[in-house]
Amino acid sequence: MDVVLDERMMTLALEDARDAASGGDVPVGAVVARGDEVLGRAGNAREREQDPTAHAEILALRSAAHTAGSWHLEGCTMYVTLEPCAMCAGALVLSRIDRLVFGAADPKAGFVGSLGDLVRDPRLNHALEVTSGVLAEDCGDLLRDFFRNRR
């Protein structure tokens, strides 16, 4: 685990989250990297695309698979500003991502420890290594500010 690399990649994910917020979407950003090579990145785009599956993680996985030329993303890490939901956690398992790094916990919808732990369920054929809390304050502040401004 490279703390400097984790923080650098999470900073990129925060950039994508800010871009999502400027378009009216909940500010979540995600980056898929193999080592220090970024294969895909995205921010939430549910509002922009009017697509309930256009979560940052799903869009970043699609981009990374396209770049890699394979849906098998072994050797990759997903960096995301918010703990993934059940849909995104499932997609991470199915993509064979090796590692997940996230910023803020999501006690209302998170499925990587909060409501459940899909990515480490021993009954599945793949499990991820998880690191949580990377730049958590910055990630959480961005979300809190977004929702405070919407009220």
Side-chain angles (χ1 to χ4, degrees), residues 1-106 108-136 138-140 142-143:
M1 180 172 63
D2 182 340
V3 174
V4 172
L5 179 62
D6 287 354
E7 289 183 357
R8 185 162 47 94
M9 292 297 176
M10 190 62 75
T11 298
L12 295 177
L14 278 162
E15 289 174 10
D16 293 329
R18 287 185 193 95
D19 288 345
S22 70
D25 274 286
V26 174
V28 176
V31 172
V32 176
R34 186 173 282 133
D36 62 359
E37 177 189 6
V38 174
L39 299 181
R41 58 187 286 195
N44 268 353
R46 292 182 306 170
E47 297 298 328
R48 186 181 74 229
E49 295 184 13
Q50 290 301 297
D51 178 352
T53 68
H55 289 203
E57 299 96 321
I58 300 297
L59 299 174
L61 285 170
R62 287 178 185 158
S63 177
H66 178 78
T67 300
S70 175
W71 63 269
H72 286 270
L73 295 174
E74 290 97 343
C76 292
T77 299
M78 162 75 70
Y79 299 89
V80 62
T81 58
L82 182 65
E83 178 184 356
C85 69
M87 174 182 70
C88 294
L92 291 168
V93 170
L94 294 173
S95 70
R96 310 297 193 266
I97 289 270
D98 286 344
R99 185 167 174 250
L100 168 66
V101 177
F102 70 87
D106 186 354
K108 293 182 179 178
F111 233 77
V112 183
S114 291
L115 297 179
D117 197 350
L118 190 61
V119 302
R120 293 177 282 203
D121 190 314
R123 296 170 294 177
L124 298 176
N125 65 340
H126 181 74
L128 283 71
E129 176 188 335
V130 177
T131 301
S132 61
V134 174
L135 301 183
D138 295 336
C139 296
L142 184 60
L143 286 157

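Sorted by first and then second residue, the salt bridge (Lys or Arg N to Asp or Glu O under 4.0 Å) pairs with a member in residues 43-65 form an empty list; sequence neighbours excluded.
Inter-residue side-chain proximity for D6 and Y79 is flagged as met; some heavy-atom pair is nearer than 4.5 Å. At least one side-chain heavy atom of W71 sits under 4.5 Å from a side-chain heavy atom of R96. Residues M78 and L61 have side chains in contact (heavy-atom distance under 4.5 Å, counting atoms from C-beta outward). Between P52 and M87 the shortest side-chain heavy-atom distance does not fall below 4.5 Å. No side-chain heavy atom of L142 sits under 4.5 Å from any side-chain heavy atom of T81. Side-chain contact between D98 and L128: absent, with no pair of heavy atoms (C-beta onward) separated by less than 4.5 Å.
Rounding to the nearest 0.5 Å gives a distance of 11.0 Å between CG of L115 and NZ of K108. Atom NE2 of residue H55 and atom CG of residue L82 lie 10.0 Å apart, to the nearest 0.5 angstrom. Of the inter-residue distances, the one linking D106 atom CG with C85 atom SG reads 8.5 Å to the nearest 0.5 angstrom. In this structure, the separation between CG on D16 and CG on L59 is 10.5 Å, given to the nearest 0.5 Å.
When all heavy atoms of A56 and G43 are compared, the closest pair comes out as CB-C, 3.7 Å. Smallest separation of non-hydrogen atoms from A104 and C139: N-CB, 3.9 Å. Among all heavy-atom pairs drawn from V112 and A89, the shortest one is CG2-CB, 4.3 Å. Of all heavy-atom pairs between P27 and A21, the closest is CB-CB, 3.8 Å. Heavy atoms only, all atoms of each residue included: G90 and L118 are closest at N-CD2, 3.3 Å. For the residue pair S70 and L73, the shortest heavy atom distance occurs at O-CD2, 3.8 Å.
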Problem set entry | Verdict with reasoning, T131 to R99, per side chain to side chain donor-acceptor pair (under 3.5 Å) | CA-CA 8 Å; T131 301; R99 185 167 174 250; 3.1 Å; yes
Determine whether S132 and E83 satisfy the following criterion, side chain to side chain donor-acceptor pair (under 3.5 Å), listing intermediate values before the conclusion. CA-CA 8 Å; S132 61; E83 178 184 356; over 6 Å; no
- Decide side chain to side chain contact (heavy atoms under 4.5 Å, CB included) for V32 and S63; before the verdict, give the C-alpha distance in whole Å, the side-chain angles of both, and the deciding distance to 0.1 Å. CA-CA 9 Å; V32 176; S63 177; over 6 Å; no
**Request:** Report the C-alpha separation of D138 and M10 in whole Å, then their side-chain angles, then the decisive distance to 0.1 Å, and conclude whether the side chain to side chain contact (heavy atoms under 4.5 Å, CB included) test is met.
**Result:** CA-CA 10 Å; D138 295 336; M10 190 62 75; over 6 Å; no
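Under the 4.0 Å criterion applied to side-chain N and carboxylate O atoms, R120 and E129 are not assigned as salt-bridge partners.
Panel note: side chain H126, backbone I97; a donor-acceptor pair is recorded below 3.5 Å. Judged by distance alone, with hydrogens and angles left aside, the side-chain atoms of R34 form a donor-acceptor pair with the main-chain N or O of E74 at under 3.5 Å. When atom types are taken as modelled, the side chain of S114 and the backbone of F111 share no donor-acceptor pair closer than 3.5 angstrom. Remark: side-chain polar atoms of T67 are paired, donor with acceptor, to backbone N or O of L39 under 3.5 angstrom. Proximity of a side-chain donor or acceptor of R41 to a complementary backbone N or O of A13 within less than 3.5 Å is not detected. T77 places no side-chain N or O within donor-acceptor distance of the main-chain N or O of L100, the cut-off being under 3.5 Å. Not one N or O on the side chain of N44 forms a donor-acceptor pair closer than 3.5 Å with the backbone of A20. Judged by distance alone, the side chain of T11 and the main-chain N or O of E7 form a donor-acceptor pair under 3.5 Å.
For H72, the NE2 atom is densely surrounded, since the number of other residues' heavy atoms within 6.0 Å is greater than 12.
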